[in-house]
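All residue numbers in this chain count up from 1 along the given sequence.
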Amino acid sequence: MVWVMLLGAGALEVVWAVLLKQTAGFTRLWPSLACAAAMAGSLGLLGLALRELPISVGYAVWVGIGAVGTAIWGIAVLQEPAGAIRIACLALIVIGIIGLKLDHG
């Protein structure tokens, strides 16, 4: 269950990162409220997951999910560049996340 919470925390990190740009520096009410709610949910789930996971694993996996998920969103939805180096670097992050998961169990 702890890994499901961490996955949810990472998914909500992607949501708030994507919404962050839409807040226009927190000057737009509804995107700002949605962003803040996603931030709170993400940090809340991360905190619950860290009850059982070491910080070195939980935080790194959370950040990795957020970084890769946000980059994939940018490529898929916002038509940001998807060059070979960018894809290779994202793959390295994913390999690191998998390695941390396998090392912890």
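Atom CG in Leu90 sits 11.0 Å away from atom CD1 in Ile95 (nearest 0.5 Å). Leu19 contributes atom CG, which lies 9.0 Å from atom CE of Met39 (distance to the nearest 0.5 angstrom). Summarising the geometry, atom OG1 belonging to Thr70 is positioned 11.0 Å from atom CD1 belonging to Ile65; distances are rounded to the nearest 0.5 Å. With rounding to the nearest 0.5 Å, the separation of CG in Asp103 from CD1 in Ile98 is 13.5 Å.
Two residues are said to be in side-chain contact when any heavy atoms from C-beta on lie closer than 4.5 Å; Ile75 and Ile87 meet this criterion. Contact of the Leu45 side chain with the Leu12 side chain is registered, since non-hydrogen atoms from C-beta on lie closer than 4.5 Å.
Connection of Met5 to Val57 is established within a shared hydrophobic cluster, with ILVMFWY side chains joined at heavy-atom distances below 4.5 Å, either directly or through further cluster members. One hydrophobic cluster holds both Leu78 and Val18 under the rule that ILVMFWY side chains link at heavy-atom gaps under 4.5 Å. Connection of Leu48 to Ile55 is established within a shared hydrophobic cluster, with ILVMFWY side chains joined at heavy-atom distances below 4.5 Å, either directly or through further cluster members. Val4 and Val2 fall into different hydrophobic clusters, where Ile, Leu, Val, Met, Phe, Trp and Tyr are joined by side-chain heavy atoms under 4.5 Å apart, directly or via other members. The cluster map of Ile, Leu, Val, Met, Phe, Trp and Tyr, joined by side-chain heavy atoms under 4.5 Å apart, puts Trp3 and Val14 in different clusters.
When all heavy atoms of Gly58 and Leu53 are compared, the closest pair comes out as CA-CD1, 4.2 Å. Nearest heavy-atom pair, Ile97 versus Gly64, reported as atom, atom and distance to 0.1 Å: CD1-C, 3.4 Å. What you find for Ala9 and Ser42 is that their closest heavy atoms are O-OG, 2.8 Å.
Legend: side-chain hydrogen bond (donor to acceptor under 3.5 Å, both in side chains) pairs involving residues 89-99, not counting sequence neighbours: none detected. Residues in residues 43-57 take part in no side-chain hydrogen bond (donor to acceptor under 3.5 Å, both in side chains) pair, two or more places apart or across chains. Note on residues 7-31: no pairs pass side-chain hydrogen bond (donor to acceptor under 3.5 Å, both in side chains), not counting sequence neighbours. Pairs engaging residues 75-97 under the side-chain hydrogen bond (donor to acceptor under 3.5 Å, both in side chains) rule: none recorded [sequence neighbours left out]. Within the structure, every pair that satisfies the ring-ring contact (aromatic ring centres under 6.0 Å, His included) test and touches residues 43-94, not counting sequence neighbours, is listed here: Tyr59-Trp62.
The ring-ring contact (aromatic ring centres under 6.0 Å, His included) search around Phe26 returns none, not counting sequence neighbours.
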